[in-house]
Number of protein chains: 4
Amino acid sequence: MRLAITADLAWHCQEPTDILLQIEAAASSDQRVLSSALDCTSAGHLARVPAQDGIGERIWLHQEGDFAVSYRAEVEVLRRAEPLETLAAVPPHRLPGETVAYLMDSHYCPASRFVPFADEEFAAVEGGARVVAMRDWIARHFRYVPGASNASTTAIDSFVERRGVCRDYAHVLICLARAAAIPARFSSGYGHAVKPQDFHALAEVWLADAAGKGAWRVVDATGMATAEDFARIAVGRDAADTSFLTSFGEAELRSLAITVRTV
Amino acid sequence: MRLAITADLAWHCQEPTDILLQIEAAASSDQRVLSSALDCTSAGHLARVPAQDGIGERIWLHQEGDFAVSYRAEVEVLRRAEPLETLAAVPPHRLPGETVAYLMDSHYCPASRFVPFADEEFAAVEGGARVVAMRDWIARHFRYVPGASNASTTAIDSFVERRGVCRDYAHVLICLARAAAIPARFSSGYGHAVKPQDFHALAEVWLADAAGKGAWRVVDATGMATAEDFARIAVGRDAADTSFLTSFGEAELRSLAITVRTV
Amino acid sequence: MRLAITADLAWHCQEPTDILLQIEAAASSDQRVLSSALDCTSAGHLARVPAQDGIGERIWLHQEGDFAVSYRAEVEVLRRAEPLETLAAVPPHRLPGETVAYLMDSHYCPASRFVPFADEEFAAVEGGARVVAMRDWIARHFRYVPGASNASTTAIDSFVERRGVCRDYAHVLICLARAAAIPARFSSGYGHAVKPQDFHALAEVWLADAAGKGAWRVVDATGMATAEDFARIAVGRDAADTSFLTSFGEAELRSLAITVRTV
Amino acid sequence: MRLAITADLAWHCQEPTDILLQIEAAASSDQRVLSSALDCTSAGHLARVPAQDGIGERIWLHQEGDFAVSYRAEVEVLRRAEPLETLAAVPPHRLPGETVAYLMDSHYCPASRFVPFADEEFAAVEGGARVVAMRDWIARHFRYVPGASNASTTAIDSFVERRGVCRDYAHVLICLARAAAIPARFSSGYGHAVKPQDFHALAEVWLADAAGKGAWRVVDATGMATAEDFARIAVGRDAADTSFLTSFGEAELRSLAITVRTV
């Protein structure tokens, strides 16, 4: 599927401030960036560094006063949707090194706390079918409430309050998967069916196909995106790694507008 | 400095269990592993995978019943102690990509919560001198109390209780450094002056020398290790990444003995 | 129902220590203390003060070294079991003053966090039937696991882990009731069917009968006690108020034995 | 000292909602209410119930739509300022029953977590002098920042962030006092020197005079009120008990204006 993405952000920094930006769709084997442009409306230091796991780039800015960024891209998503139910969990002792960090407790995802619940509630199924059961449990029990969470809301909070936005759905799903010893990472990006249009987030889990080959597979407990229509920006352990704008000092977001269309 | 290390662990798993082990000193540019042997007293699956940031290896085990591991190594630490006070902080927008994750909040190190305190208490100094002031503040205000913390103790807990063991000292120092926008990571390892002898942990911070070259520098708020006598096992965002034994299922540690001598 | 209770506790204080004891069944309109004896095996200051809400007494001790207490009592429980389903919630603005504190968040019962869940899950029923639905939800989803919780376990923890002992069941039920604006308090006591025999705890909720008369009604999500066979020791906002032994300084519990028989 | 108080609140409830109001200065032995008027601008159920510890009253409202309350009072504060340093702590085992609840952990004041810090930092002094040392430590290390805290901010949060408003200063002081086995309660009220003018809060601690007579004594770590110019509204374990407006359902505060003058 081909997506046309626009993202327009404006913010203000009273003083010279360091800003970390993660808003560009990442070029990778499962999505091709056909075109991409990032325009800044005023001067400032700008540097690109590789992002987490070598997927995409982070942009360092150093600026003062008003700043606006306009991002335009066309991305072809090459991922095929696979029925997760047919995939198997990889026994931990067979997991490759790069997945191990995604078994651990992270800031928003204290996964080990969820072991008793994950063990009891999802005992009947294994592997990909277990992840599907977890995804469906969240979809059934949670309410999507814009504004229900903030930067301090963890998966524990969301699990108790049973509501949140895409980041919260992803955090809880990541906790449940890790609690079952299935590596799970947080993935930020764009989806054309996300309502209201905004940055999106979902979980990726490490599962193996019939040939035993492990790979990251997209799972969205909100149901708003699929493997085929999600353009990934960045991955991380949770939202702390993939925020679209992290400021080191005060920054006031003044506007944010996203559009994603299929083309 | 040359260190002779022995580590003997024994544990028991009622059922077949996956175990992740991180106990071997890592071969790297700042420490040379002169000899190394890992003996297992009983059979079981054993696989090595690269650990965090490509530093050292994690060992996956799959076994049942009693298991014991005996590790013997001789390591030459090549690191030179540098006066941290002479080093500079790298402005965030000049930081290389691999350090960025170490600015973020992590499970045991919710660093952003410490920004007001770090700003107020250590405002008078910059860069390496600031890290030294943070280290000394912890050393002055904390009490080293074996058993005071457990697997759920975060840097917030330690900061409130002002006591802990090496992991807790490291967690608080990491929070303070990150709160000042200085990348800080957790480093587990061996030190010959650690009393009682056990695995050790400390912080590493990213600072630049006079030529502007950034590198990770060892800082130990407990005062029990220095750059010159610390043999690193693994690095991570905090203790969640570097535990010497992580089990996926029940495992009961039955004995643990560490010795570290200078040779 | 008539209960014969024995409670034997022994502990040790290295230094002169203040101890607060709450182990005696309270004399009140819904239970008659037929006989009661408290023997201390060694000397020390002992003073009685009225406990929370004037129900029962707290005992202050000041002692050093070994101390043992032996409590023997016979209690007639006068409470009749009422079908909670027939009782009504009192609208908050009609609640008497002494119940208001039991609507608030307390240490182990941060009830306001449970409002979205309580609203969604139990929307179909009102009043006593709602409390029954909450009790049954906990009974259905939780596992009774001795040792699963400790002094720092809150209702949030228990809700996430879905397991615990009587105090944890009571804490979660109290949160759910308060979240629905039904006053709920913690009640410690004795029950003959408690297995393994130990101090017990349950919730009391404020509901009104057909004549509109409000009163505290016993609800036990563990199913181990009923209104008719529960001998109350003390009430409070949560377990923090009703601990059987609170020490101001170090005290090491050396033995604890409870028996409760019907006579 | 004589205070003239005005408090004007307006709020809106979309649906019929229960509201608990605590805004009137309490009549008690240490302050005389010379005149008092509470005007409501629209109709609704209004009932008064005794508040915590029998100090003052809570007002239950049940209303819909816009509501405004105007409170006017003149209060004579009879309390004399006593040098706290001359007062003694009452040994726990001599404490009267009504003070015991104020030794316990409460929602915003998990006091037991502060025991190691309280023990170490304030070991040199006892009794009232210890409370003064605690008050001065907070005054020295905290910054008064309106807006720095919200309804979920606990004393742990404030202690880590070292900033807050009057409620946060009071919460931390209460924790430190309780950690030293000195009963401490939260007291809301009015003070003429509070800047900006708003509801105020401070701690009250139970200390004994030279004759051994225990009583609650006012301590304000913000320094904005004294025993002689503070008109108490209500007491409780922490801010959860004394909120000026608690709504059971949605209520939107639209305006709030307080004035306090000496007359």
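By convention in this document, chain letters (A, B, ...) are assigned in the order of the sequence lines, proteins followed by strands, and residues within each chain are numbered from 1. Just so you know, these numbers come straight off a predicted model, no measurement behind them.
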Other residues, nucleotides and ligands only: do more than 12 of their heavy atoms fall within 6.0 Å of CZ on A/R254? yes
Does a side-chain heavy-atom distance below 4.5 Å link A/V115 with C/E161? no
Between C/V160 and A/F117, is any pair of side-chain heavy atoms under 4.5 Å apart? no
In plain terms, say whether C/E120 and A/R162 are close enough for a salt bridge, that is, a side-chain N and a carboxylate O under 4.0 Å apart. no
Contact class of A/D119 relative to chain C, heavy atoms under 4.5 angstrom: neither
